[in-house]
Structure formats: structure tokens, C-alpha cells
Amino acid sequence: MLFSRRLMLGLAMAGSFASALAFPALAGEGPTEIDLFFPVPVDGKLARDMGTLIKEFNEGHPDIKATAVYTGSYDDTLIKTRAAIKAGKPPSAVIMSANFLLDMQIENELTNLDALIKADGTTKEQFLGQFFPALQGNAVINRSVYGVPFHNSTPLLYINADKAKEAGLDPEKPPQTWAELTDWAKKLTKREGDKVTQWGIAIPCAYDYCGWMMETLTMSNGGRYYNEEFGGEVYYDTPSMLGALTWWNDLIYKHKVHTPGATPGPAVSTSFISGNAAMMMLSTGSLTYVRDNAKFNYKVAFIPHNVRNAVPIGGASLIMPAGLEAEKQKAAWTLIKWMTSPEKSGWWSRATGYFAPNMAAYKTPDMVDFLNKNPDAKTAVEQLDVAKPWFATYKTVPVRKNLEDEVMLVLNGKKQPKEALAAAQKAADETLKPYNAETSLKLP
């Protein structure tokens with residue numbers, strides 16, 4: 001249609017001879033080519049699913065050719081996106097960890113989406129109203145929209161229901177408190193002499209996952225990981241985080257129901273699937289992987305609490321880097337809106353295990369049917385009532401790693417929690433120092 005309109009315009013303005021001269025240039029224009037950077041942060045077949053999604057988009061949008069580029073983990077994706085921006089060749093869209101947006105906005109690396117939303121004839125409030133309220137805290141910065149929720153998560157407690165029944169526990173009444181979870185983990189741990197043949201609980205700790213788990217436990221212990229209103233403060237050396245890390249450490253060294261050391265996410269899910277761990281805390285993004293691979297009955301439940309029910313969101317938003325040409329920006333916006341529509345949001349949720357951020361997805365016939373057959377997919381959505389934003393600061397990754405390095409030392413038996421958190425706070429304060437010098441400490 002675009003070609004036909006241009007050809008007719010040429011005929012009207014310059015006659016058949018001029019239009020004939022213009023024809024080769026028009027024929028050579030082709031579709032607008034855009035790249036989409038995407039990570040694979042959880043178990044499963046997400047990369048293949050992304051290929052399916054982009055193929056469908058391209059077939060329905062012949063004027064755009066989108067190419068999905070796998071970029072590794074969330075941290076890797078941030079590094080590669082920043083390198084591309086610096087080189088003057090930014091990707092047109094990126095599935096970016098939702099908690100990286102503040103740091104990118106501080107560094108002027110994001111496209112403000114307000115003008116694109118307005119051009120569509122809608123308001124920011126109407127646009128954001130499509131998505132669960134818990135997700136908006138990581139999408140909006142200084143009252144402007146910088147990200148569109150795409151695939152999101154909350155941490156869940158996964159339970160091997162068969163093993164729970166064997167231990168005299170009722171998987172239909174999962175543990176709701178840390179005390180109950182500790183008791184369950186003790187009853188689910190099996191030993192042959194000094195050898196543990198089945199661990200009661202597994203919780204992941206590797207870069208990225210470890211920080212998320214610490215926020216999860218700290219929130220459920222009544223605390224806050226960071227200042228949600230200002231990117232220069234984190235709260236590591238606090239009673240709420242000390243209690244959280246001490247309990248995690250106690251599961252390993254006091255109760256002996258959790259494998260010693262810091263365990264990466266894939267090792268945790270493998271341990272659960274193999275029956276080596278009877279329970280685990282892991283992202284809902286791993287739910288499809290568990291559903292497809294578990295050879296036993298399982299249940300998912302809210303994260304147990306000590307002081308209050310609260311969890312952080314996780315997952316990613318679609319963003320557009322700064323520095324895009326107008327044509328690519330327009331094409332990327334078309335892709336982003338399509339990927340976050342109710343139908344595609346629901347399809348992606350069913351394929352991956354992430355919950356659909358677009359609330360209308362849950363009213364589509366396919367999603368209603370899916371939830372009737374897979375009620376476990378409702379848990380993460382129901383937990384959104386107590387969900388909070390994901391930690392986001394200046395230099396999010398280094399500040400997060402300041403904590404993760406110390407937590408790993410604790411879980412590996414090389415430091416005590418109180419000492420480790422004091423060191424983490426000191427290191428984070430030093431990392432945040434330049435930002436604070438230019439903001440909260442820059443006085444008139």
C-alpha cells in the first residue's frame with residue numbers, strides 16, 4: 001500500500017516519465033530493519049519462543065523487518081546495549097531488566113516514550129492503565145514512561161507435592177511463615193548417616209538472582225532494599241536485612257536443610273526437578289520449565305514471610321535506547337505495542353511461565369482456557385497484590401554486586417551476616433558517592 005500511494009503521487013505530480021524514472025529507487029527501499037536485543041534469564045526454551053514471536057510479527061508487518069538478537073543474561077544485555085549506544089549503532093528495542101531503567105535514564109541512554117504515547121492519541125495514564133499497577137514503579141521515572149512491561153515475574157515457593165505427602169505434610173496448605181517453612185524443610189530433608197540424600201529447600205544465589213532473593217527475604221522481613229524515591233540510597237546494614245541473611249544462613253549451617261554455598265539458579269531448578277531438593281524459591285519465569293520437566297506432582301505458593309507478605313517484581317520491560325533514527329523509532333514502537341498487546345502478552349506468558357503484564361490478557365479465551373487447565377499460573381498474578389518495585393539505583397549492577405559478593409561469602413561459610421552486611425553497605429555507599437555528590441549533597 002505504501003508503494004502504491006507513492007507511485008500514484010509521482011504520477012500526479014510529474015507525469016508518467018518522471019514516475020518511471022523514480023520506480024527503481026522506490027523498488028529498492030524495502031522494509032525498515034530493526035534489531036531487538038533479548039536475554040534468556042531463566043530455564044526453558046525462551047530463545048525458540050522468541051523466534052516464533054518475531055517471525056509472526058514480520059509476517060504481519062511487511063514494512064518492518066525485525067531481527068531478534070540473543071544477548072545472554074540481563075547483565076550481559078545491559079553491557080551489550082550500552083556498547084551499541086556508545087558505538088552509535090543502538091538496537092531499536094531491547095528487553096531490558098526492569099530495574100536497570102533508572103540507571104540508564106540517569107545516564108541519558110533511554111528514549112522517553114511520552115511523545116510516542118501522545119501521538120497515538122492516548123494519555124500516559126491510559127497507556128499505563130493496561131498493566132498491573134505493581135509494574136509501574138519500574139517503568140515510570142520522574143513521571144515519564146521509559147519502559148513498557150513485557151515479561152514479569154515474582155519469586156514463588158515451589159513444592160514437590162509427592163515428597164511433602166510422604167513426609168506427612170499437606171501440599172494444599174503450604175508454609176506461610178519462615179517458621180513453618182523451616183519446619184517443612186527439616187521434615188523434607190533426608191540423610192543416610194552424614195550424607196544428605198534430599199535437601200529440604202534450595203534458594204539461588206549467583207549474580208543477579210542473589211540480589212533479587214535478598215530483596216525478597218528482606219521485604220518479607222519488613223524491610224526495604226533501597227530508597228524507591230531516590231537512586232542514591234540502599235539499606236543493606238539494617239535489622240530487616242540482617243534477619244533475612246541470618247535466616248538464610250541458618251538454613252545452611254544451623255538447621256542443615258539447605259546445601260552449603262551459593263547455588264546458581266539453573267542448579268537450583270535441576271536439583272528440584274531431579275528430586276534432590278523438595279522445595280525451592282525461584283522465579284515464576286521458570287514455571288513452564290518445571291511444568292514440562294517435573295515427573296512428579298508439584299505446587300507453587302506465595303513466598304513465606306516473617307513480618308509481612310511482600311515480594312519484589314522481576315522480569316523485563318521493552319525499552320528503546322537513545323539515539324534512534326525517526327524511522328527506526330517508529331518501527332520499534334510498532335513492535336513494542338504488538339508484543340505487549342493482550343493476545344501476544346498472553347501467548348508469551350503461556351509459552352514461558354512469566355505472568356502477562358497486560359491485564360486484559362487474562363480475559364482472552366486462550367488465557368481463560370489455559371488457567372483452567374494450569375491453575376498454578378495464577379499464583380504469581382495473585383501475589384501481585386503484595387508486590388513492590390524491583391531495586392533500582394544509580395549503578396544498579398555494581399551496587400547490587402556490592403551486596404551479592406558479601407552474601408556469597410556468608411553462604412560459603414567465610415563470613416558472618418552482620419560483618420558482611422556492614423561491608424556491603426560501605427562498598428555500596430562508595431559506589432553511590434558520585435551520584436550523591438551531584439544530587440542530594442549538592443547544596444546551594
Side-chain angles (χ1 to χ4, degrees), residues 41-43 97-99 130-139 149-159 161 171-178 180-181 184 201-204 209 211-225 228 240 244 265 268-269 272 279-291 298-317 345-346 348-350 352-363 367-368 370-372 374-392:
V42 296
D43 309 292
S97 185
N99 67 326
Q130 303 174 79
F131 307 103
F132 285 104
L135 308 178
Q136 296 180 21
N138 286 112
F150 172 61
H151 67 208
N152 292 97
S153 60
T154 60
L156 297 176
L157 177 66
Y158 290 77
I159 301 168
E172 299 298 330
K173 298 178 180 179
Q176 297 183 37
T177 67
W178 287 4
E180 291 173 0
L181 182 61
W184 273 55
I201 179 75
I203 304 173
Y209 233 134
W212 196 47
M213 286 293 102
M214 279 304 301
E215 184 173 22
T216 298
L217 298 179
T218 299
M219 280 186 172
S220 60
N221 201 30
R224 298 163 67 202
Y225 188 107
E228 300 90 342
S240 55
V268 167
S269 57
F272 182 74
M279 296 186 293
M280 67 174 179
M281 288 186 187
L282 215 61
S283 168
T284 186
S286 294
L287 184 54
T288 296
Y289 174 77
V290 171
R291 186 184 298 127
Y298 68 91
K299 291 288 183 181
V300 292
F302 280 22
I303 293 294
H305 68 278
N306 192 43
V307 173
R308 62 169 178 166
N309 277 120
V311 294
I313 68 150
S317 296
S345 188
W348 187 254
S349 174
R350 295 191 297 274
T352 63
Y354 286 100
F355 68 81
N358 191 316
M359 294 183 288
Y362 291 94
K363 297 180 181 179
M367 204 63 167
V368 170
F370 176 78
L371 290 178
N372 286 335
N374 301 279
D376 55 345
K378 298 177 183 177
T379 304
V381 179
E382 293 167 348
Q383 197 173 219
L384 284 175
D385 287 342
V386 297
K388 310 291 183 183
W390 195 358
F391 62 89

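Values in this document were obtained by computation on a predicted structure and should not be read as measured data. FYI, side chains are in, hydrogens and waters are out, and symmetry mates aren't considered; it's all heavy atoms of this structure.
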Any side-chain heavy atom of [X] sitting closer than 4.5 Å to one from [Y]?
X      : Y      : result
Trp348 : Phe150 : yes
Met279 : Leu181 : yes
Ile159 : Pro175 : yes
Leu217 : Met281 : yes
Leu384 : Met359 : no
Phe132 : Pro149 : no
Glu180 : Pro304 : no
Tyr209 : Ser283 : yes

| said: Can you tell me which residue among Thr154, Thr284, Asn309 is in a side-chain hydrogen bond (donor to acceptor under 3.5 Å, both in side chains) with Gln383? | reply: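 The single option meeting the side-chain hydrogen bond (donor to acceptor under 3.5 Å, both in side chains) with Gln383 is Thr154.
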| field | Derivation of the side chain to side chain donor-acceptor pair (under 3.5 Å) call for Asn221 and Asn306 | value | CA-CA 5 Å; Asn221 201 30; Asn306 192 43; 2.8 Å; yes
| request: May I ask you to check whether over 12 heavy atoms, not counting those of Gln176, lie within 6.0 Å of atom CD? | output: no
| Is it true that a side-chain atom of Ser220 and a backbone atom of Thr216 form a donor plus acceptor pair closer than 3.5 Å? | yes
| said: For Thr288, is there any backbone N or O sitting under 3.5 Å from a side-chain donor or acceptor partner on Arg350? | reply: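 Side chain of Arg350 to backbone of Thr288: no pair is present.
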